[in-house]
There are 2 protein chains.
Amino acid sequence: MAKTSATIRDVARAAELSVASVSRVLNGKDNVHPDTRERVLEAVRALGYTPNAAARSLSTARTHALGVVLPDLHGEFFSELMRGIDRAASAHGYFPLLSSMHADGVLAGQAMAAMRGRVDGLLVMAPQLDAADLAAALPTGLPTVLVNCQGEDRHHAFRVDNRAGVRLMVEHLLACGRRNIVHIAGIEDNLDASERRDAFSEVMAELAPDQPARILQGDFQEATAGRLVQELLADDVPFDAIFAANDMMALGALQALREAGIDVPGRVAVAGFDDVPLARFLSLSTMRVDIDGLGARATERLIEEMEGRADAPAFERLTPGLMARGTTQASN
Amino acid sequence: MAKTSATIRDVARAAELSVASVSRVLNGKDNVHPDTRERVLEAVRALGYTPNAAARSLSTARTHALGVVLPDLHGEFFSELMRGIDRAASAHGYFPLLSSMHADGVLAGQAMAAMRGRVDGLLVMAPQLDAADLAAALPTGLPTVLVNCQGEDRHHAFRVDNRAGVRLMVEHLLACGRRNIVHIAGIEDNLDASERRDAFSEVMAELAPDQPARILQGDFQEATAGRLVQELLADDVPFDAIFAANDMMALGALQALREAGIDVPGRVAVAGFDDVPLARFLSLSTMRVDIDGLGARATERLIEEMEGRADAPAFERLTPGLMARGTTQASN
DNA sequence: CTGAAAGCGCTTACAG
DNA sequence: CTGAAAGCGCTTACAG
């Protein structure tokens with residue numbers, strides 16, 4: 001009933017023991033007499049005592065929190081990633097502490113610095129920072145794991161294997177009999193966008209060297225892709241497949257084609273990347289990226305590092321899976 | 001270069017000042033000589049010093065973190081809510097500390113207790129807990145704001161105004177000339193589901209007392225709604241509109257109608273609730289719930305409470321907006 | 001098995 | 001304007 005919550009001293013007093021004994025019981029040490037344990041537990045219950053986390057952190061230099069630094073994310077990607085992170089974190093008794101980050105490198109550094117003393121480790125996703133800015137922003141001496149970051153080899157890093165994903169999709173399109181595939185690239189300076197674009201060129205050169213491999217500059221936006229497809233049609237450019245760098249652009253392309261009365265997939269196949277929930281509804285073929293799994297694995301690795309049982313930092317690629325659906329169905 | 005990070009003592013030593021002066025500068029107090037300030041700032045820079053948050057929390061009894069306790073959420077709802085929370089929190093210098101919560105009332109209480117000393121306030125969303133379990137789980141003495149929780153009047157609470165939303169949609173359907181509206185309710189024991197169901201009955205009784213107001217028991221699942229519509233068709237039940245308690249069920253209904261060759265909206269109008277991103281794509285008419293705004297407003301209110309400048313706890317209803325789209329378009 | 005005491009890194013009256 | 005010192009609530013050698 002006290003205005004301010006009970007402390008360990010109150011518990012000690014109530015149990016007629018020292019704070020040391022209370023602390024031992026609370027931390028599950030085995031060098032306590034059963035009777036002592038009982039009295040402590042009883043007092044804890046009676047007072048509704050919960051240890052003060054800040055005091056504990058100060059003593060132990062551990063916070064049981066882990067910092068999650070993310071760009072300003074929308075939608076499914078964010079929720080799935082957090083889902084994986086949260087699942088892994090809570091399984092090990094950690095809380096995720098969130099910090100959104102804006103594009104500016106200096107601000108990013110401040111955001112991460114502000115987490116010092118608040119977290120035992122950092123999970124950073126910063127696709128918008130170049131290697132130098134990222135290196136400058138990362139705090140030293142704090143276990144850190146990177147997701148979707150550019151060239152940084154002092155920390156363990158996770159990325160989607162865009163190359164493998166693009167290869168799977170191109171193979172699928174070729175297997176469906178497509179011969180004239182147009183790639184709509186994502187926004188410039190984005191790592192995923194450029195990896196997917198480059199992989200498209202290379203895989204096409206390898207698997208179908210005699211066929212065109214046209215690339216249009218998109219920006220991951222649905223409307224832009226729709227416009228690009230309209231231009232393609234207006235210019236009478238021949239093509240029998242659109243492979244967009246993400247699902248939203250694939251959907252934009254799909255709508256533009258349907259509005260133009262083009263049969264999909266009869267005349268043109270459409271494919272995307274990401275497997276957003278919409279894709280399933282609209283029968284869009286795409287590459288499934290296991291974002292939840294990515295978040296969980298990155299978190300597991302971070303916790304291993306925080307608890308000093310991690311291997312040397314490495315670079316992990318997660319391969320997406322092909323989801324072949326209606327928009328690329330072979331017509332024969 | 002020290003293995004362990006610099007402390008305020010290191011800064012004081014480097015600047016040849018007391019820790020008190022360093023602390024004053026760091027906290028922006030004005031009773032410091034400009035030269036002193038300069039020397040401190042210089043030393044901070046040289047040592048790359050960042051104050052230890054746990055120590056600061058222990059001294060000030062403030063953490064600058066706020067606990068966010070959520071059920072196991074998926075998708076857009078979660079990301080939009082977190083977006084709003086994060087925006088408001090970071091605008092005031094707070095970090096969101098996340099904790100997912102499972103259905104069990106006792107576990108929920110433990111999750112919240114574990115946040116004691118870690119956060120200055122709590123934002124709780126627990127639609128699955130009844131009033132008694134919720135009251136038992138909430139820690140005392142911590143500023144708390146509720147979102148989508150059942151009857152609890154000691155704390156400020158936010159909810160979507162389901163009643164107003166249902167009324168808007170029913171008015172719209174009637175205005176479109178629909179006369180035989182079927183409501184597919186959400187899962188039993190869910191607060192939103194029952195509010196929407198009850199509102200449907202009442203609004204229909206008020207605005208169209210002579211017309212049928214059939215209600216089918218759904219469960220918020222797409223497949224279930226599809227099945228219910230098939231049954232309706234098989235039984236030859238007459239209806240010219242389906243108003244589902246959420247968008248996913250509306251989509252299930254939509255698919256079932258189309259598969260049965262029924263003209264939408266020519267013969268049957270379809271409407272949902274939530275405005276998920278899919279709704280826009282599929283031209284589904286629905287009620288738009290501003291989740292991002294909900295998160296932000298709840299957070300603002302929590303911070304006001306934490307900083308002792310809040311009004312008395314109240315109950316706030318956020319009215320959703322009508323998104324009239326293709327599936328209910330008047331055919332005349 | 002238990003307790004007295006030091007220490008974690010800050011902030012903040014208090015005295016000057 | 002500045003510094004010495006107490007105190008925030010814990011944990012953990014250390015001595016017994």
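Sequence lines set the chain letters: A, B, ... in the order given, protein chains first and strands last, and positions in each chain run from 1.
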Check the distance between [N]'s [atom2] and [X]'s [atom1] and give it to me in whole angstrom.
X     : N     : atom1 : atom2 : answer
A:D10 : D:dC8 : CG    : P     : 11 Å
B:N31 : D:dC1 : CG    : P     : 7 Å
B:H33 : D:dG3 : NE2   : P     : 12 Å
A:L58 : C:dC8 : CG    : C1'   : 4 Å

Salt bridge or not for [X] and [Y], using N-O below 4.0 Å?
X      : Y      : answer
A:R45  : A:E42  : yes
B:E316 : B:R301 : no
A:E300 : A:R297 : no
A:D10  : A:R13  : yes

Applying the Watson-Crick and G-U criteria (both distances under 3.5 angstrom) with [ ] for crossing and | for other-strand pairs, one obtains for DNA chain D |||.||||||||.|||

As an exercise, state the distance from [atom1] of [X] to [atom2] of [Y], rounded to the nearest 0.5 Å.
X      : Y      : atom1 : atom2 : result
B:L134 : B:T144 : CG    : OG1   : 9.5 Å
A:M82  : B:S79  : CE    : OG    : 11.5 Å
B:R159 : B:M125 : CZ    : CE    : 9.5 Å

Run A:D290 and A:L318 through side chain to side chain contact (heavy atoms under 4.5 Å, CB included) and show every step you take.
CA-CA 8 Å; A:D290 180 13; A:L318 303 187; over 6 Å; no

Heavy-atom neighbours of A:D35 CG exceed 12 at 6.0 Å
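Yes, the 6.0 Å shell around CG holds more than 12 heavy atoms from other groups.
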
Within a 6.0 Å radius of atom CZ on A:R9, are there more than 12 heavy atoms belonging to other residues, nucleotides or ligands?
no

Are there any protein N/O atoms within less than 3.5 Å of an N/O atom in nucleotides 10-12 of chain D, and if so, which ones and at what distance?
{"unit_1": "D:dC10", "atom_1": "OP1", "unit_2": "A:Y49", "atom_2": "OH", "d": "2.9"}
{"unit_1": "D:dC10", "atom_1": "OP1", "unit_2": "A:N52", "atom_2": "N", "d": "3.3"}
{"unit_1": "D:dC10", "atom_1": "OP2", "unit_2": "A:I8", "atom_2": "N", "d": "2.6"}
{"unit_1": "D:dC10", "atom_1": "O5'", "unit_2": "A:Y49", "atom_2": "OH", "d": "3.1"}
{"unit_1": "D:dC10", "atom_1": "O2", "unit_2": "A:S59", "atom_2": "OG", "d": "2.4"}
{"unit_1": "D:dT11", "atom_1": "OP1", "unit_2": "A:N27", "atom_2": "OD1", "d": "3.3"}
{"unit_1": "D:dT11", "atom_1": "OP1", "unit_2": "A:N27", "atom_2": "ND2", "d": "2.9"}
{"unit_1": "D:dT11", "atom_1": "OP1", "unit_2": "A:R56", "atom_2": "NE", "d": "2.8"}
{"unit_1": "D:dT11", "atom_1": "OP1", "unit_2": "A:R56", "atom_2": "NH2", "d": "3.2"}
{"unit_1": "D:dT11", "atom_1": "OP2", "unit_2": "A:S23", "atom_2": "OG", "d": "2.5"}
{"unit_1": "D:dT11", "atom_1": "OP2", "unit_2": "A:N27", "atom_2": "ND2", "d": "3.4"}
{"unit_1": "D:dT11", "atom_1": "O4'", "unit_2": "A:S59", "atom_2": "OG", "d": "3.4"}

Would B:L138 and B:M112 count as a side chain to side chain contact (heavy atoms under 4.5 Å, CB included) if you check the C-alpha gap in whole Å, the side-chain angles of each, and the deciding distance to 0.1 Å?
CA-CA 7 Å; B:L138 290 177; B:M112 297 191 213; 3.6 Å; yes

C1' gap between C:dG16 and C:dT12, integer Å:
16 Å

When you compare C:dC14 with C:dC10, how far apart are their P atoms, in angstrom units rounded to a whole number?
24 Å

OP1 or OP2 of C:dG3 less than 4.0 angstrom from a side-chain nitrogen or oxygen of A:S21, does that happen here?
yes

Using a cut-off of strictly less than 4.0 Å between a heavy atom of the residue and any atom of DNA chain D, enumerate the qualifying residues of residues 35-46 of chain A by number.
none

